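Order of appearance sets the numbers: ligands from 1, and atoms from 1 within every ligand. We number each residue from 1, following the sequence as shown. Please read all numbers here as calculations on a predicted model, not as lab measurements.
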Amino acid sequence: MSVDRDVLCSHLKRLKLRRIRQLVEADDEEVFSGTSDPMQLLFELTSREVAARDETRRQRLYQKAKFPAVKTLDGFDFETQKSVDESRLQQLAALNFIKKNENIVFLGPPGVGKTHLATALGVCAVERGYQVRFTSAEEMVDELYSSLADGTFKQRLGRYGRHHLLIIDELGYLNMDRTASNHFFQVINQAYENQSLIVTSNRPFQEWAGLFDDTVVVSAILDRLLHHSHLFNLKGNSYRLKDKIQPSQEVTTSN
Ligand code: ADP
Ligand code: MG
């Protein structure tokens with residue numbers, strides 16, 4: 001029985017089997033001449049469809065994550081950054097913390113690898129199919145602030161809660177007024193026991209009171225953020241300046 005290719009393609013279209021349709025349209029030699037066993041052919045076609053969908057999903061997850069750059073744990077030099085325990089990080093990379101809705105906090109001066117490690121864990125999560133969103137604290141607070149004007153605050157706040165993992169980078173570079181402090185609290189509160197957070201900050205917790213214009217809110221934020229959390233205190237000189245200064249020159253970084 002000869003096959004009407006146009007009908008076949010329209011079936012594949014209706015069934016949304018895009019990759020298989022492409023293979024049929026291209027009369028892919030490798031696939032269609034590779035076997036005479038129909039089961040084997042069906043297996044080959046469906047495997048390719050599944051692989052193509054996985055790849056599309058992966059790319060979409062990367063786009064939605066909005067990582068400023070793709071960083072990996074393999075690309076992190078643990079020899080240089082001795083204040084981070086590699087095995088602890090590798091354990092976290094197994095991502096049980098996401099299943100348990102736990103948080104991670106990276107504290108330390110600029111350039112010590114906080115954003116790198118936060119991103120690398122986010123990348124692991126995307127590779128495992130989790131929905132991740134990376135944002136700076138400033139960008140998030142600005143967005144929530146501006147949503148007050150057009151009445152979309154609730155939706156935008158809700159959007160931050162929809163990811164399995166929300167990474168809030170660079171808390172500490174801006175001081176928040178009362179409204180922004182409250183918005184920040186709402187993000188943390190919404191995430192509490194529902195979603196994982198990774199927060200990075202150049203300020204130790206003792207200084208967080210100065211970041212938020214409301215001391216009650218600061219303790220409520222810390223309370224929820226730290227209840228189920230993994231804390232890393234990174235130390236050392238900026239990796240950005242690694243090759244620019246001699247080992248004898250000590251750099252003290254503030255801010
Ligand atoms: P922080 O967020 O602590 O200010 P970053 O993570 O942005 O620092 O690090 C600054 C730059 O140095 C980034 O390009 C990062 O990839 C790189 N970097 C920092 N620490 C390391 C490290 N131990 N190994 C490899 N690259 C590093
Ligand atoms: Mg950073």
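- Within the 2.8 Å limit, T115 places at least one N, O or S atom next to the Mg ion (ligand 2).
- Linking ILVMFWY side-chain heavy atoms closer than 4.5 Å, directly or via other members, places I221 and F106 in two distinct hydrophobic clusters.
- Less than 4.0 angstrom separates some heavy atom of K71 from each of these atoms of ligand 1: 13 (C), 14 (O), 15 (C), 16 (O).
- Residue contacts with ligand 1, taken as heavy atom pairs separated by less than 4.0 Å, involve F76 via backbone and side-chain atoms alike.
- Distance from atom 23 (N) of ligand 1 to its nearest protein heavy atom, with residue and atom name: D77 O, 3.0 Å.
- Note on ring orientation: taking the six-membered ring where Trp is involved, the planes of H230 and F97 are perpendicular (angle over 60°, cut-offs 30° and 60°).
- Geometrically, ligand 1 and V112 share a nitrogen or oxygen pair separated by less than 3.5 Å.
- Applying the 4.0 Å criterion to heavy atoms of P110 picks out, from ligand 1, the atoms 4 (O).
- Each of the following atoms of ligand 1 lies closer than 4.0 Å to a heavy atom of Q81: 23 (N).
- The shortest contact between atom 15 (C) of ligand 1 and any protein heavy atom is with H116 ND1, 3.4 Å.
- Taking a cutoff of 4.0 Å between a charged side-chain nitrogen and a carboxylate oxygen, R48 and E30 qualify as a salt bridge.
- Ring-plane geometry between Y62 and F67 is classed as perpendicular, the angle between the planes exceeding 60 degrees on a 0 to 90 degree scale with a lower cut at 30.
- Taking 4.0 Å as the cut-off between side-chain N and carboxylate O, K13 and D6 do not count as a salt-bridged pair.
- Nearest protein heavy-atom contact of atom 3 (O) of ligand 1 is K114 NZ, 2.8 Å.
- Taking both residues in full, the closest heavy atoms of D37 and M39 are given as OD1-N, 2.9 Å, listed atom of the first, atom of the second, then distance.
- Looking only at protein heavy atoms, the nearest one to atom 11 (C) of ligand 1 is R240 CG, 4.0 Å.
- Not one N or O on the side chain of Q190 forms a donor-acceptor pair closer than 3.5 Å with the backbone of F185.
- Ligand 1 has no N or O atom lying under 3.5 Å from any N or O atom of T80, backbone or side chain.
- Under 4.0 Å is where a charged nitrogen must lie from a carboxylate oxygen, and between R5 and D27 at least one such pair does.
- The nearest protein atom to atom 12 (O) of ligand 1, hydrogens excluded, is given as Y239 CD2, 3.4 Å; this is a heavy-atom distance.
- In terms of polar-atom proximity, defined here as any N/O pair under 3.5 Å, G113 does make such a contact with ligand 1.
- Between F212 and W208, the ring-plane angle classifies as tilted under the 30° and 60° cut-offs.
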